[in-house]
Undergrad: 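Starting off with a structure, shown below.
As the structure is a computational prediction, the values presented were derived from the model and not from experiment. A, B, ... follow the sequence lines: proteins, then strands. Residue 1 opens every chain.
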Amino acid sequence: MFEHQDSLKSLRKFDLNLLTVFEAVYYYKSVSKAADILGMTSPAVSQSIQRLRQYFPDPLFIRYGKGISATVFADSMHENIKGSLSGIIDIFADKGDSIRNLVIWSDPHLAQVLIPDICSHLMSLPKLKCRIVHNLLPEDAVGVEHALLYHKTDIIFDIAPIFNSAIESELIFREKIVAVCGKDHPRLKDSLSANSLKDERCITIMKDRKKINEFKSKIDVLLGKRVISFASPSSLIALSVIEKTNDVGFFPESMYEKFKNIYNLKRLECDVDLGSYEVYMSYSKKALQDKALLELVERVRETFVMNNKSVHP
DNA sequence: TCTAGTCTTGTGCCGTCGGT
DNA sequence: ACCGACGGCACAAGACTAGA
């Protein structure tokens, strides 16, 4: 049972507006001034205080000269409610602009391209009070769609668009796929052909995603059936394995550029076009009323779409 | 003692809510 | 959808107090 259930039930009968009247009268120590501030007449304020008196064994305010004086009971009541009331006032004053989590779902390799720029931009806006939370994209496509519809996430970056009338999916950039191996590979120098790949072992990214599987099939067609020596859902682990073995892998160009020096990698030019993939930004159309999300969407458009900026330096 | 300022009380109107 | 009950508000008038 909810611990405040009984208290909430009795509160239903209590007019919480009486507390705002109480606070105004307490602050100004004047019924007429409080009425002015609250946009009421002084009789209405006086009557509100009368109603409040029915709930407490104390008159709360006593006429003192031309004004009124708060009783000690009113003093302690004020101490008890001022914090809660200012919390409520903050919520309404901010109209939802208080610090909130802006949740982004994406695969790690897209996150490393997009999120650093998003973070640095949003954090440079002092008026925007939000914190970025990144979560990994689940493999289940329906779960991804529902996450947006049910506001479990604010924005999704993925290699596939979402087809739903309530969701906007924008193409933000295309990225090339490149063949990669260790810098000191004993056989492969600077290029890779179907013939040279026959003698090599390959690393593959193990994800049950339609687009990724399509890409793997395309590589098979272009370069022949490969021998897979290692599989992982993590591109970073795959790159680190390439560093210590003589294996070959296929990665997004931005990822190669970012980690080539860290993992001692080199790019192999292919005599066939390995193609590219698209990156989409998806969000709920209704959620765009949110200033933080709108700022994020516009920043992504500005940086990756409008300027057609390269995703790697 | 009068006046001005403030609070309280009485009354009627109007909007909302709950029951039918 | 209608109707009665209820609550909140404004207005008017009275009560109270300080200061001139």
Undergrad: For the pair A/Phe61 and A/Phe22, name the ring-plane relationship: parallel under 30°, tilted 30 to 60°, perpendicular over 60°.
TA: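 Correct class here is tilted.
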Undergrad: Looking at the side chain of A/Ile68, which of B/dC7, C/dC9, C/dC11 is the nearest nucleotide?
TA: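 So the side chain of A/Ile68 is nearest to B/dC7.
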Undergrad: Without decimals, in angstroms, what is the distance between A/Phe61 CZ and C/dT17 C1'?
TA: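 Taking atom C1' of C/dT17 as the reference, CZ of A/Phe61 is at 19 Å.
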Undergrad: Rounded to whole angstroms, how far apart are CG on A/Leu52 and C1' on C/dG7?
TA: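 So the CG-C1' distance, A/Leu52 to C/dG7, works out to 15 Å.
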Undergrad: With a 3.5 Å cut-off and heavy atoms only, can you find an N or O donor on one side and an acceptor on the other between the side chain of A/Gln47 and the base of B/dG10?
TA: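 Side chain to base: pair present.
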Undergrad: May I ask you to check if A/Lys29 and A/Tyr26 form a cation-pi contact, with NZ or CZ under 6.0 angstrom from the six-membered ring centre and within 45° of the axis?
TA: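 Checked: cation-pi criterion met.
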Undergrad: Go through the side-chain N and O atoms of A/Glu302 and A/His121 and say whether any donor and acceptor fall under 3.5 Å apart.
TA: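 Absent: no donor and acceptor within the cut-off.
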Undergrad: Remember a base hit wins even if backbone is also touched, and classify A/Gln50 as base, sugar-phosphate or nothing at under 4.0 Å, heavy atoms.
TA: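 Sugar-phosphate: the residue A/Gln50, judged by heavy atoms under 4.0 Å, touches backbone atoms but no base.
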Undergrad: Quick check: A/Phe304 with A/Phe173 (ring centres under 6.0 Å apart)?
TA: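 Yes; A/Phe304 has its ring centre under 6.0 Å from that of A/Phe173.
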Undergrad: If you count every heavy atom of other residues, nucleotides or ligands that lies below 6.0 Å from A/Lys266 atom NZ, does the total exceed 12?
TA: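 Yes, enclosed.
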Undergrad: If you round to the nearest 0.5 Å, how far is NZ of A/Lys260 from CG of A/Leu265?
TA: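 A/Leu265 atom CG to A/Lys260 atom NZ measures 10.0 Å (nearest 0.5 Å).
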Undergrad: Using a strict heavy-atom distance below 4.0 Å, which residues from residues 26-33 of chain A are in contact with DNA chain C?
TA: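 Going residue by residue through residues 26-33 of chain A, none turns out to have a heavy atom under 4.0 Å of DNA chain C.
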Undergrad: Taking atom P of C/dG7 as reference, at what distance in whole Å does atom CG of A/Leu18 sit?
TA: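 Distance, rounded to whole Å: 12 Å.
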